[in-house]
Each structure stands twice: as C-alpha cells, then as structure tokens.
Amino acid sequence: MHCDASTPFSPIGLMTSATATVSSTPAGPLRCLSVDVEEYFHIEAAFKTIPRSDWDKWPSRVEASVDLLLDLFHRHNRPGTFFILGYVARRYPAMVRRIADAGHEIASHGTGHDRLHRLNKESFREDLHASKAVLEDISGKKVVGYRAPTFSVMPETSWAIDVLLDEGFTYDASVFPVRHHWYGVPDAPDKPFLIQSQKDSRPLLEVPPLTLRKFGKNLPVAGGGYFRLLPLWFMKQGLKQAAQQNRPAVLYFHPWEFDPGIPDMGLPRTGKIRTYTGLKTAAKKLESIIRHDANWVTMEAAAEQWRGDAQSRPVFTLG
C-alpha cells in the first residue's frame with residue numbers, strides 16, 4: 001500500500017507545495033519530519049558485520065516501510081523531508097517518484113552510506129555529486145539539502161561544508177549538538193545556525209536535530225534509537241521546550257525502524273538492542289506525535305526564514 005500520488009499533498013493552511021515558504025504567522029511551533037531513506041543493513045552497527053560486497057545478498061525491505069510512512073504522513077496531512085541514499089534511489093526510482101509526487105522534499109543522504117571519516121574531500125565530492133544527480137534525475141526536483149550518514153559532519157570532517165557549498169546545497173542537517181561516541185558537536189547551537197569550515201570560510205545554513213536541555217547538557221530526543229528505546233515522554237518534553245524557546249523541532253527517522261520483520265544481522269549484543277528494540281511500537285508512537293497540530297513544514301520550506309534568523313548570530317566555526 002502506498003500514498004496515492006493523485007491526491008496532492010497540502011499541509012493545513014501553511015503550504016501549497018513542499019517548496020512554499022513558512023507562514024509569517026505560523027499556527028503553532030515549527031516542526032519538521034525527516035526520514036533517512038536507507039536499508040536496515042546500511043546502519044553503522046552493521047558496518048563490520050555486513051560488508052558492502054554483501055549488500056545485494058540481503059533482502060531489501062525499504063519500499064514497504066517507506067510506503068507505510070507515506071500513508072501515515074498522508075493521513076495526517078504532514079509534509080516530510082526525505083534524505084534518500086543514492087544506492088536506494090537507483091534501485092527504486094518509482095519509490096522516489098512516489099515521495100516527490102506526494103509533495104515531500106527530496107534531499108540527499110549521500111550515495112554509499114559512508115561516514116565522512118571514511119572519505120576524503122574528493123571522494124565525498126564524488127559521492128555527493130552522484131547522489132544529487134540521480135535524485136534530481138528521478139524526481140525532477142532540485143536537491144538542496146543534505147544529511148551525512150551517522151551525523152558525521154564534525155570538526156575532523158569540516159571540509160564537507162565547503163564541498164556542500166561547491167555542489168550547490170543550501171543547507172546541511174548533519175551536525176548533532178550532543179556528545180556521542182560516533183558523532184556529535186556538543187558546543188554547536190541547538191537551533192538553525194550558519195556554519196563555516198574554518199575562520200573566514202563561506203557559511204552554510206546548518207539545521208540540527210531536536211535536543212532537550214537538561215542537567216546542563218543537550219539530550220538527544222529527535223528520533224532514531226532514542227525514539228524507540230526511551231519513553232515518548234523525552235521527545236514530548238523536547239518538543240515542549242523547543243516551542244517555549246521558539247526553536248524549531250527537527251525530528252528524524254529511518255524506514256527500517258518501522259519494520260518488525262527485518263532479518264537478524266548477527267549484530268553484537270549492544271548493537272542488537274539498539275537496532276531491534278521498539279520496532280513493533282514505533283509507528284504508533286510516531287502517529288501520537290504527528291497527530292498534534294503544529295506548523296509542520298519541510299526543511300526546504302523553512303530554510304529561508306532560518307537563514308534570516310541565523311544571520312543575526314555569530315557564525316559557528318567547525319574546524
């Protein structure tokens with residue numbers, strides 16, 4: 001089952017398309033739904049267990065899960081930003097067109113799901129260029145947003161900002177202002193800001209995921225494993241705090257997180273807990289979040305407003 005593309009998507013009172021601008025008088029707090037479209041075996045926890053050479057040996061399950069999310073978003077009339085992996089787009093172009101035809105934003109998640117630490121400036125440029133080209137060719141829409149696999153834009157990969165600008169991207173969504181053993185820039189702002197690779201470099205709009213400020217630090221409550229493993233209270237508190245502080249709330253999910261039938265990948269115990277916990281209840285939990293009225297928009301639609309707001313604050317230097 002998939003979203004009926006013949007019924008145009010039109011968020012309530014806010015936008016007539018995924019590229020419309022945010023209302024100057026938003027109806028409630030600004031919120032964004034984002035989906036990192038990848039297969040279950042692309043996760044970082046499976047990097048050593050399932051090498052790239054074995055990807056085609058595992059059953060694909062991404063289409064059904066994406067269609068589940070399209071139906072859910074359609075029922076509640078919510079727009080989404082879909083960061084699609086080039087590997088997936090090449091195999092399922094009709095799925096990419098369903099997403100685009102439903103009025104959602106098409107954005108890039110790269111091509112091969114490599115953390116940027118495994119790339120250099122030139123190999124990243126090739127990966128980025130290839131993903132942008134295939135997504136634009138399939139969807140017929142300009143791709144302006146990017147999210148790195150595993151939020152891997154960090155000080156040691158700050159060169160990625162310059163490459164994104166060179167390749168025509170207008171915003172990045174890869175810097176998570178938290179501390180984590182795989183990713184995170186704890187001192188980064190918790191709302192959209194301008195970022196540069198080095199002092200006096202060109203700035204790019206950066207859009208961080210939702211965090212909850214508690215105990216003197218930012219807690220990750222935007223989605224992913226935190227959404228499935230933790231009580232929903234944490235995300236709701238993050239949404240409440242963001243609204244009180246007039247911060248946009250950017251949430252993120254992966255299609256495989258809504259698929260209780262993904263195969264056993266032979267992950268280590270910790271990876272298995274992080275990956276398989278909460279799959280059966282994820283769709284119900286997400287629906288309980290998105291059914292509430294708010295100013296739900298795509299990230300592209302909000303980018304101009306965010307960029308204007310960010311220009312009044314210092315540029316954040318990553319490198």
Colleague: Hey, could you give me the CG/CZ distance between Leu72 and Arg78, rounded to the nearest 0.5 Å?
Modeller: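 Leu72 atom CG to Arg78 atom CZ measures 10.0 Å (nearest 0.5 Å).
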Colleague: Atom NE2 of His109 and atom NE2 of His254: how far apart are they, to the nearest 0.5 Å?
Modeller: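 His109 atom NE2 to His254 atom NE2 measures 5.5 Å (nearest 0.5 Å).
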Colleague: Can you see which heavy atom on Ser174 is nearest to which on Val153, and at what distance?
Modeller: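 Ser174 and Val153 have their closest heavy atoms at CB-CG2, 3.4 Å.
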Colleague: Does the Arg213 side chain pair with the main chain of Gly216, one donor and one acceptor, at a distance under 3.5 Å?
Modeller: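 Checking the backbone N and O of Gly216 against the side chain of Arg213, a donor-acceptor pair under 3.5 Å is found.
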Colleague: When you compare the side chains of Ser60 and Glu39, does any donor N or O come within less than 3.5 Å of an acceptor on the partner?
Modeller: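 There is such a pair between these side chains.
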Colleague: Passes ring pair (Phe, Tyr, Trp, His ring centres under 6.0 Å), Phe124 versus Tyr146? Steps please.
Modeller: CA-CA 12 Å; Phe124 173 59; Tyr146 172 77; 5.7 Å; yes
Colleague: Does the plane of the ring in His104 sit parallel, tilted or perpendicular to the ring in Phe82? Use 30° and 60° as the thresholds.
Modeller: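 The arrangement is tilted - the two ring planes meet at 30° to 60°.
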Colleague: Locate the shortest heavy-atom distance separating Glu105 from Gly145; write the atom from each residue and the value.
Modeller: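 So the two residues come closest at OE2-N, 4.4 Å.
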Colleague: Can you check ring pair (Phe, Tyr, Trp, His ring centres under 6.0 Å) on Tyr226 and Phe234, steps first, answer last?
Modeller: CA-CA 9 Å; Tyr226 310 105; Phe234 286 92; 10.0 Å; no
Colleague: What heavy-atom pair brings Gly112 and Asp127 nearest, and what distance separates the two atoms?
Modeller: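 It is N-OD2, 3.1 Å.
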Colleague: Got a second to check how far Tyr276's OH is from Trp256's CH2, nearest 0.5 Å?
Modeller: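 Taking OH in Tyr276 and CH2 in Trp256, the distance rounds to 9.0 Å.
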Colleague: Apply the side chain to side chain contact (heavy atoms under 4.5 Å, CB included) test between Ile43 and each candidate in Leu267, Thr150, Ile262; give the one that qualifies.
Modeller: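 Exactly one pass, corresponding to Leu267.
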Colleague: Determine, step by step, whether Arg147 and Asp36 satisfy the salt bridge (charged side-chain N to carboxylate O under 4.0 Å, His left out) criterion, reporting the C-alpha distance in whole Å, the side-chain angles of both residues, the deciding distance to 0.1 Å, and the verdict.
Modeller: CA-CA 8 Å; Arg147 176 175 287 151; Asp36 295 352; 2.9 Å; yes
Colleague: Test Met299 against every option in Val144, Leu33, Val250 by the side chain to side chain contact (heavy atoms under 4.5 Å, CB included) rule and name the one that passes.
Modeller: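 Checked Val144, Leu33, Val250 against Met299; only one passes side chain to side chain contact (heavy atoms under 4.5 Å, CB included): Val250.
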Colleague: Taking all atoms of both residues into account, what is the closest heavy-atom pair of Leu232 and Ser288, and its distance?
Modeller: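 Answer, listing the atom of Leu232 first, then Ser288: CD2-OG, 3.0 Å.
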Colleague: Is there a salt bridge (charged side-chain N to carboxylate O under 4.0 Å, His left out) between Lys284 and Glu287? Walk through the geometry before answering.
Modeller: CA-CA 5 Å; Lys284 184 177 180 180; Glu287 186 159 24; over 6 Å; no
Colleague: Let me confirm one number: the OG-CE distance from Ser65 to Met95, rounded to the nearest 0.5 Å.
Modeller: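 Interatomic distance, Ser65 OG to Met95 CE, rounded to 0.5 Å: 10.0 Å.
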Colleague: Check whether NZ of the Lys or CZ of the Arg Arg115 lies under 6.0 Å from the centre of the six-membered ring of Phe47 and within 45 degrees of that ring's axis.
Modeller: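 No; the conditions do not both hold, so Arg115 does not lie above the ring face of Phe47.
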Colleague: Using a 3.5 Å distance criterion without hydrogens, assess whether the side chain of Ser123 forms a donor-acceptor pair with backbone atoms of Leu119.
Modeller: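 Checking the backbone N and O of Leu119 against the side chain of Ser123, no donor-acceptor pair under 3.5 Å is found.
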Colleague: So which heavy atom on Pro59 is nearest to which on Tyr40, and how close?
Modeller: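 Closest approach of Pro59 to Tyr40, heavy atoms only: O-OH, 2.7 Å.
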Colleague: So with a 6.0 Å cut-off around CZ of Arg202, is the heavy-atom count from everything else above 12?
Modeller: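 Buried by this count: over 12 neighbours within 6.0 Å.
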Colleague: Would you say that Pro79 contacts Trp296 through its side chain, given a criterion of any heavy-atom pair below 4.5 Å between the two side chains?
Modeller: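 With C-beta onward as the side chain, the pair touches.
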Colleague: So, His42 side chain and His113 main chain: donor-acceptor pair closer than 3.5 Å or not?
Modeller: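 No, His42 side chain to His113 backbone: no donor-acceptor pair under 3.5 Å.
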Colleague: Rounded to the nearest 0.5 Å, what separates atom CZ in Phe258 from atom CG in Leu286?
Modeller: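 If I round to the nearest 0.5 Å, the distance is 4.5 Å.
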Colleague: Is it the case that atom CG in Asn246 sees more than 12 heavy atoms from other parts of the structure closer than 6.0 Å?
Modeller: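 Count not over threshold, so no.
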Colleague: Can you tell me how far the OG1 atom of Thr281 sits from the CD atom of Glu257, to the nearest 0.5 Å?
Modeller: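 Atom-to-atom, Thr281:OG1 and Glu257:CD are 11.0 Å apart.
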Colleague: What is the minimum heavy-atom distance between Thr170 and Leu205, and which atoms define it?
Modeller: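 The pair with the smallest heavy-atom distance is O-CB, 3.7 Å.
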